[in-house]
Amino acid sequence: MVSLHAALAALALSGVGQTVFYDFYADWCAPCRAMDPTIQELVARGYPVERVNIDRNPQLAARYGVQSVPCYVMVVDGREVDRVQGGTTLSRLDRMCRLASTALSRSSMAESTRPSVPLPAVESRPPFSTTNTDPPITRSAVNPAVRQPKSQLPISSPGWAPKTTPDSHLLAASVRLRIEDPQGQSCGSGTIIDARQGEALILTCGHIFRDSQGRGPITVDLFGANPLKGVPGRLVSYDLKRDIGLVAIRVPGPLATVPVAEAGYRTAPNDAVVTVGCNNGDRPSARHSRVTVLNKFLGPDSLMVAGEPVEGRSGGGLFSADGRLIGVCNAADKEDREGLYAALASIHGELDRSGLTCIYNPTGAATAVASNNDLPRAA
């Protein structure tokens, strides 16, 4: 009997007349699980989907340079013609398969006369642009990271500040982040969790740094009483498995902050919560909801919250009814129309790893956020 890995490898190396849509995933990857309904729909439409568990088939993952999951690779005639890293829309993957089928038909008809050159990459439109009409992606941001050309980033109105509402403090402590990478920019949300002596610490998700590998320039837009746009940010740390990131900024004055819930804080299904994020890269907005399920997927602790996040809310905060931060938006479960949030254990773990336990536990042994030189730097 031929093993799955051997069959996939043979198919990948085959010649003319073969198209394969590789879905690289891992059992421990919650965002991969959130994309399952989308992949199942591709299968139902008759596309040649091959699911590849990177832990069981590391050779094939290495062959295609897969460094994080989920990752989708389209192969035509043994050549990679398109790739999507991270969660995306059904529309984007459907277009990827249809265009690849067109490329196969053309290449087959011209095979006898064309020169032997690599097939060019399939052209695709960024998932998020001012002309995009695709439905919301299946994880908020993922790509919970919203991607678009720099010239199409939305511009906030000068002097805007949130109206006075019960959620005003949460909105004022929420930010929009942009991270440059070789293909453009990623856009997400974040929450200011500490500010002192001219520096603030922002909590966000980790996957918005995936494409830049943590090396791209970061800018932050603030929306408090004194809004600022384009504040330079410095990456403190990020972790793709926890899907948590930390960014530091220098600021000229006081900022609104939200406390991170302490160790031992417990969340239960049906608890009332508030989520804040930047829909499609816009100003932050608040949604009132409730917790539905704890630890629905394998991997780090997580919370499911009623209501599917839209693009741009990745990294935004999840807050308890009394205004404490208890989670970070990571993805969306399209099938159940729920949001997936990293839980406190992941937030505390990343703060601990960065020597910042004091952010949620003032009596714990950690490095205080005192100056620009005091915050640890990303590896």
Side-chain angles (χ1 to χ4, degrees), residues 154 156-178 187-205 208 218-236 244-262 265 272-279 281-289 309 312-329 341-342 344 347-348 350-351 354 356 358-362 368-372 374-375:
S156 59
S157 302
W160 176 89
K163 296 179 180 179
T164 302
T165 69
D167 303 319
S168 292
H169 185 76
L170 301 181
L171 293 168
S174 297
V175 305
R176 177 174 58 210
L177 297 99
R178 296 189 180 105
C187 183
S189 306
T191 307
I192 303 171
I193 58 173
D194 191 87
R196 63 184 82 177
Q197 296 189 14
E199 188 169 41
L201 185 67
I202 297 166
L203 178 68
T204 184
C205 59
I208 61 174
I218 302 169
T219 56
V220 180
D221 298 337
L222 307 175
F223 299 94
N226 298 301
L228 293 172
K229 190 173 69 173
V231 178
R234 173 170 59 80
L235 183 61
V236 175
I244 296 292
L246 296 168
V247 173
I249 58 172
R250 296 291 296 177
V251 293
L255 294 176
T257 65
V258 176
V260 176
E262 69 281 0
Y265 182 92
V273 291
V274 180
T275 74
V276 177
C278 300
N279 292 358
D282 204 348
R283 307 178 183 104
S285 60
R287 294 179 177 178
H288 289 254
S289 187
R313 292 184 81 90
S314 276
L318 176 69
F319 307 96
S320 62
D322 60 356
R324 287 182 284 183
L325 190 144
I326 59 173
V328 174
C329 183
Y341 293 76
L344 269 178
I347 298 170
H348 291 169
E350 192 62 20
L351 288 169
S354 300
L356 296 169
C358 63
I359 300 298
Y360 69 91
N361 181 13
V369 184
S371 71
N372 192 50
D374 287 335
L375 282 173

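None of these values were measured; they are calculated from a predicted model.
Of all the heavy atoms in Gly323 and Leu170, the pair that sits closest is O-CD2, 4.4 Å. Summarising the geometry of Ile326 relative to Ala261, their closest heavy-atom pair is CG2-CB, 3.9 Å, with the distance given to 0.1 Å. Of all heavy-atom pairs spanning Gly317 and Leu325, the tightest one is CA-CD1, 4.4 Å. Considering all non-hydrogen atoms of both residues, Val328 and Cys205 come closest at CG1-N, 3.8 Å.
Partners of Val251 under the side chain to side chain contact (heavy atoms under 4.5 Å, CB included) rule, at least two apart in sequence or in another chain, are Leu222, Ile249, Leu255. Thr275 is linked by a side-chain hydrogen bond (donor to acceptor under 3.5 Å, both in side chains) to Arg313, counting only residues two or more places apart in sequence or in another chain. Not counting sequence neighbours, the partners of Arg324 by the salt bridge (Lys or Arg N to Asp or Glu O under 4.0 Å) test are Glu262, Asp322. With sequence neighbours left out, the side-chain hydrogen bond (donor to acceptor under 3.5 Å, both in side chains) criterion links Tyr360 to Asp352. Annotation: ring-ring contact (aromatic ring centres under 6.0 Å, His included) contacts of Phe319 (sequence neighbours excluded): none. Looking at residues two or more places apart in sequence or on another chain, you find a side chain to side chain contact (heavy atoms under 4.5 Å, CB included) between Ala256 and His169, Ala172, Ala173.
No donor-acceptor distance shorter than 3.5 angstrom exists from the side chain of Ser189 to the backbone of Gly315, with no hydrogens or angles considered. Remark: the backbone N or O of Cys187 is not paired with any side-chain donor or acceptor of Arg176 at under 3.5 angstrom.
Of the candidates Val247, Thr257, Ile359, Leu201 forms a side chain to side chain contact (heavy atoms under 4.5 Å, CB included) with just one, namely Ile359.
Side-chain contact between Leu203 and Leu246 is present, with heavy atoms from C-beta onward closer than 4.5 Å. Side chains of Ile218 and Thr204 form no contact here, defined as non-hydrogen atoms less than 4.5 Å apart. Side-chain contact between Ile192 and Val175 is present, with heavy atoms from C-beta onward closer than 4.5 Å. Side-chain contact between Leu356 and Asp194 is absent, with no heavy atoms from C-beta onward closer than 4.5 Å.
For the atom pair Phe223 CZ and Cys278 SG, the distance stands at 5.5 Å (nearest 0.5 Å). The distance from the CG atom of Leu228 to the OG1 atom of Thr219 is 12.5 Å, given to the nearest 0.5 Å. Taking CG of Leu171 as the reference point, atom OG of Ser285 lies at 7.5 Å (rounded to 0.5 Å).
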> Taking it one step at a time, do Asp167 and His288 satisfy side-chain contact (heavy atoms from CB on, under 4.5 Å)?
Replying inline: CA-CA 10 Å; Asp167 303 319; His288 289 254; 2.9 Å; yes
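Using a cutoff of 4.0 Å between basic side-chain nitrogens and carboxylate oxygens, Asp221 and Arg283 are not scored as salt-bridged.
For the residue pair Asn361 and His348, no side-chain donor N or O sits within less than 3.5 Å of a side-chain acceptor on the partner.
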